[in-house]
Amino acid sequence: MAEPLEEFRDETRAWLEANCPAEMRERVLEEADVCWGGRNVRFKNAAQKLWLERMAARGWTVPTWPKAYGGGGLSADEAKVLAEEMRRIHARPPLSSFGIWMLGPALLKYGNEAQKAEHLPKIARGEIRWCQGYSEPGAGSDLASLKTKAEDKGDHWLVNGSKIWTSYADQADWIFCLVRTEPDASKHEGISFLLFDMASEGVSTSPIKLISGYSPFCQTFFDNVKVPKENLVGERGKGWTIAKYLLTHERSSIGADFGTGGRDTAAQIAKKRVGTRADGALADEGLRVDLARHDIDTLCFALTMERVKDEAKAGQDIGHLSSMLKHVGSELNKSRQELLMSVFGSDGLLWEGDGAHDGDMARAWLRSRANSIEGGTAEVQLGIIAKRVLALPDA
Amino acid sequence: MALVLTDEQAMIREAADGFFASEAPVSELRRLRDAKDATGFSRDLWKKMAEMGFAGVLVPETHGGSGLGLVAANLIQEAAGRNLSLSPFLSTAVLGATVLAGANDEQQAALLPKLAAGDLLLALASDEVSRHAPHLIRTRAEAAGNGFRITGAKTFVLDGHVADRLIVAARTSGEDGDRDGITLFLVDPKAAGVDIKRTSIVDSRNAADIRFDGVQVDGADVIGAVGEGAAILDRVLDAGRTCLAAEMVGVSAQSFSMTVSYLKEREQFGRKIGSFQALQHRAAQLFCEIELAKSATLKAAQALDAGDTDAPLYASLAKAKAGAVARLVTNEGVQMHGGIGMTDEFDIGFYMKRARAAETSFGDLSFHGDRLARMLGY
């Protein structure tokens with residue numbers, strides 16, 4: 001068993017070595033360093049474009065998807081090797097995409113053949129940039145109380161309503177959207193899962209500026225938007241099942257982002273900035289203790305991610321663990337950013353100007369506060385664990 | 001290696017849990033405590049554990065053991081933790097057997113088969129101060145005759161009051177805190193100059209204070225090389241730490257399960273208290289913490305079994321996390337049980353006491369956080 005995998009590792013290593021441009025092996029410092037693809041893609045430089053093209057040609061933007069849909073057809077073990085080899089040379093992901101993280105897995109499971117053939121290859125190649133239409137102004141954590149409606153007009157759906165916290169809606173080409181198709185059905189029963197072009201008449205977006213100074217989120221408005229009937233995914237009125245499946249994926253990937261990755265640890269950064277004593281211990285004893293406790297939790301979390309993956313591979317049911325991973329991962333990333341702010345001291349407070357990297361430390365800290373709000377708040381995750389895992393009684 | 005149990009390991013886990021639940025449940029701990037039993041555990045139980053292959057879990061098959069390794073030892077200790085079962089498993093099957101893994105052929109042939117058969121109890125006499133500091137050894141062993149004369153004092157020797165042989169860490173050279181210069185000796189507890197005082201600790205177990213006043217040992221009683229005992233000692237302590245982590249996972253899981261059951265049945269203000277969000281969220285938090293401790297503990301045992309160079313790091317990780325988690329979970333368990341949780345009649349308090357004792361043994365969060373930071377280079 002081990003041998004073909006080692007062969008795959010050697011080949012992968014050689015290919016990455018030959019094909020990953022040097023500029024793509026450096027730390028992501030600013031938004032332009034991340035490639036989101038899409039119809040209006042603006043590459044920061046030629047290397048970013050080349051890297052996407054080369055990876056997409058191998059199906060390695062979505063390594064585990066079937067080759068028929070633009071994927072790499074890799075096994076979970078091979079994909080792990082690819083990720084490890086990319087980390088080893090600090091290779092940037094070639095493409096960041098809600099299509100990859102969220103919509104793709106949902107379409108693979110619930111989409112019909114035409115929908116898969118139409119959308120998945122474009123996601124894999126980064127040709128269409130997707131956004132997620134879930135939250136509404138009146139329905140945040142209480143997602144299922146959403147009101148945006150889609151009326152059956154015979155040959156099309158007519159969509160009216162508004163979404164909020166739509167990440168990068170102003171730059172997205174298409175949206176996957178939860179809408180109410182059965183106004184009289186119960187809260188969870190009348191929801192459908194709809195795909196449509198953001199260029200459709202009646203769609204408008206308005207950015208929301210955040211405490212970090214960025215505005216990655218928008219409020220999105222739908223005013224008599226006509227959507228073709230075939231853009232409904234799964235059964236009419238059964239969209240909640242798809243929504244939940246997709247959220248499970250989103251939660252796991254939020255957790256995964258924080259759990260692994262080749263980032264320097266907070267302690268490594270602290271060593272460089274704060275310095276060490278003669279015996280090698282960090283010069284600031286209090287900070288050292290805080291960092292050690294953070295490292296303990298970070299290592300435990302990374303091992304738990306690994307264990308959950310291994311349990312899934314061994315055929316055990318891990319569905320109930322996604323809320324745990326989302327919650328713990330979010331809290332850990334928040335504590336990492338808090339620690340880094342302590343490590344940087346007054347340098348971390350810089351907002352604009354030379355040497356401030358556009359205030360990326362402070363902005364990252366502020367951004368991280370959303371980790372336990374987006375994708376279901378900490379309270380929602382704890383509630384899910386309490387009810388679904390521990391089976392505690394309802395009020 | 002995948003971070004999951006093999007089928008064989010899953011079977012051991014099930015067998016161990018069934019065994020302790022029927023042979024040594026919490027009521028047995030209560031009985032031994034109330035009787036102020038002189039041994040502090042049942043020798044019959046230990047014989048049965050030997051028949052089950054538990055005593056020899058770390059003893060190679062060539063010496064009559066089952067040689068299943070530390071992951072299996074962990075699962076046994078975890079099951080003991082769930083049931084708060086008393087036995088010399090840690091002192092003898094884990095610490096003793098791991099020390100003997102570093103012994104010479106003659107010593108192994110003489111002792112390991114007896115250990116695996118449940119006929120030989122061992123106790124590790126290493127700590128000298130109340131806050132774990134494994135290399136802080138002031139006990140001296142000076143060359144005398146064809147061997148050494150040992151003088152010094154040890155504290156918190158698990159099962160030291162009943163052991164057939166003591167394993168004593170003494171200094172043959174160097175300064176008090178040096179890693180070099182430590183030597184391990186097999187000492188007969190009945191030898192002249194050995195003074196053993198049994199103590200009873202908060203979780204109703206025993207840990208002896210032992211004085212050595214010019215105790216003569218033979219050159220053949222040295223384990224490993226003179227002055228190089230720390231390498232063996234560190235490995236032994238890491239095996240013990242990992243098993244204690246597993247025990248604390250068992251303590252956490254069982255006390256948590258009792259607490260969740262209580263939340264589902266106890267009514268206040270006309271509702272089940274488990275329906276209160278304040279308690280639901282705290283319970284869910286405990287669930288997450290226990291999962292983290294489980295992962296670290298399994299990884300540590302696998303790494304030690306495989307002889308990985310980073311095994312010490314994972315042993316510290318597991319001990320630190322499992323200790324912090326067991327403390328949190330049992331404290332919350334008592335709190336959520338309310339007044340009944342404070343009563344001796346109810347079992348939850350036993351779990352809190354055991355959690356604290358296990359956390360304190362062989363290094364707490366501070367000790368292992370410091371060790372881990374050092375190993376990570378800061």
Side-chain angles (χ1 to χ4, degrees), chain A residues 265-268 270-271 274 276-277 279-283 285 287-297 299-316 320-321 323-325 327-328 331-332 378-379 381-395, chain B residues 1-7 10 256-257 259-261 263-265 267 271-277 279-300 313-314 316-322 324-325 365-366 368-378:
Chain A
T265 67
Q268 286 165 338
K271 252 179 89 169
V274 181
T276 51
R277 296 190 178 134
D279 67 350
L282 201 70
E285 182 57 30
L287 195 53
R288 179 171 180 269
V289 171
D290 289 344
L291 286 164
R293 293 190 177 188
H294 175 72
D295 273 352
I296 287 169
D297 284 332
L299 285 166
C300 285
F301 181 65
L303 291 171
T304 303
M305 294 283 301
E306 191 180 329
R307 177 166 67 88
V308 169
K309 275 185 204 153
D310 289 342
E311 283 177 359
K313 234 188 286 174
Q316 298 179 28
H320 61 289
L321 293 176
S323 286
M324 187 245 326
L325 297 177
H327 173 59
V328 177
E331 293 302 321
L332 268 176
E379 289 72 20
Q381 307 306 335
L382 292 172
I384 290 173
I385 294 168
K387 294 197 176 71
R388 298 212 196 121
V389 182
L390 306 177
L392 287 171
D394 288 325
Chain B
M1 189 184 301
L3 268 184
V4 284
L5 298 181
T6 63
D7 289 345
F256 181 60
S257 153
T259 303
V260 169
S261 298
L263 294 178
K264 288 177 187 174
E265 72 191 32
E267 289 190 11
R271 289 162 58 184
K272 304 282 188 206
I273 61 172
S275 70
F276 296 127
Q277 200 178 54
L279 295 181
Q280 287 191 345
H281 286 189
R282 277 159 59 194
Q285 190 72 51
L286 300 180
F287 170 82
C288 295
E289 292 290 323
I290 294 170
E291 291 298 316
L292 296 178
K294 271 188 198 169
S295 315
T297 303
L298 179 56
K299 177 70 182 183
L313 185 137
Y314 288 118
S316 272
L317 180 70
K319 183 65 168 59
K321 187 63 188 176
V325 169
L365 180 62
S366 296
H368 289 292
D370 174 75
R371 185 171 182 241
L372 187 122
R374 241 173 253 285
M375 288 189 280
L376 291 174
Y378 64 94

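Note that the structure is a prediction, hence the values are computed from the model and not measured. Throughout, a chain's letter reflects where its sequence line sits, starting with A, and its residues are numbered from 1.
With a 4.5 angstrom heavy-atom cutoff, A:Ala391 touches chain B via backbone and side-chain atoms both. Contact annotation for B:Phe276: neither backbone nor side-chain heavy atoms come within less than 4.5 Å of a heavy atom of chain A. Looking at A:Arg293, only its side chain comes within 4.5 Å of chain B, counting heavy atoms on both sides. Within the 4.5 angstrom heavy-atom criterion, no atom of A:Lys313 approaches chain B. When heavy atoms are compared at a cutoff of 4.5 Å, A:Val308 does not approach chain B at all. With a 4.5 Å cut-off on non-hydrogen atoms, B:Leu5 does not touch chain A at all. With a 4.5 angstrom heavy-atom cutoff, A:Leu291 touches chain B via backbone and side-chain atoms both. In this structure, chain A has no heavy atom under 4.5 Å from any part of B:Ile273.
Once rounded to the nearest 0.5 Å, the distance linking SG of B:Cys288 with CE of A:Met324 reads 6.0 Å. The CG atom of B:Leu292 sits 8.0 Å away from the CG atom of A:Leu332 when rounded to the nearest 0.5 Å. Atom CG in B:Leu317 sits 9.5 Å away from atom CG in A:Asp295 (nearest 0.5 Å). Considering CD of A:Glu379 and CD of B:Gln277, their distance stands at 7.5 Å, rounded to 0.5 Å. B:Lys264 contributes atom NZ, which lies 6.0 Å from atom CG of A:Leu392 (distance to the nearest 0.5 angstrom).
The shortest non-hydrogen separation linking B:Asp370 to A:Arg288 is OD1-NH1, 2.9 Å. A:Ile296 and B:Ala320 get closest at one heavy-atom pair: CD1-CB, 3.7 Å. Considering all non-hydrogen atoms of both residues, A:Cys300 and B:Lys321 come closest at SG-CG, 3.4 Å. Across every non-hydrogen atom of A:Ala267 and B:Tyr378, the tightest pair is CB-CE2, 3.2 Å.
By the 4.5 Å heavy-atom criterion applied to side chains, A:Leu382 and B:Gln280 are not counted as neighbours. Residues B:Lys299 and A:Arg307 form no side-chain contact, since every pair of their non-hydrogen atoms from C-beta on lies 4.5 Å or further apart.
In terms of heavy-atom pairs under 4.5 angstrom with chain B, the leader among A:Asp394, A:Val328, A:Val274, A:Leu390 is A:Leu390. Put simply, of A:Thr304, A:Thr265, A:Ile385, A:Leu282, the one with the most heavy-atom pairs under 4.5 Å next to chain B is A:Thr304. Contact count versus chain B (heavy atoms, under 4.5 Å) is highest, among A:Thr276, A:Leu299, A:Val289, for A:Leu299.
Remark: the backbone N or O of B:Val4 is not paired with any side-chain donor or acceptor of A:Gln316 at under 3.5 angstrom. In terms of modelled atom types and a separation under 3.5 Å, the side chain of B:Arg374 and the main chain of A:Ala281 share no donor-acceptor contact. Between the side chain of A:Lys271 and the main chain of B:Gly377, a donor-acceptor pair closer than 3.5 Å is present. Under a 3.5 Å cut-off, the side chain of A:Asp310 and the backbone N or O of B:Leu3 do form a donor-acceptor pair.
Applying the 6.0 Å contact sphere to CD of A:Gln268 captures more than 12 heavy atoms from other residues, nucleotides or ligands.
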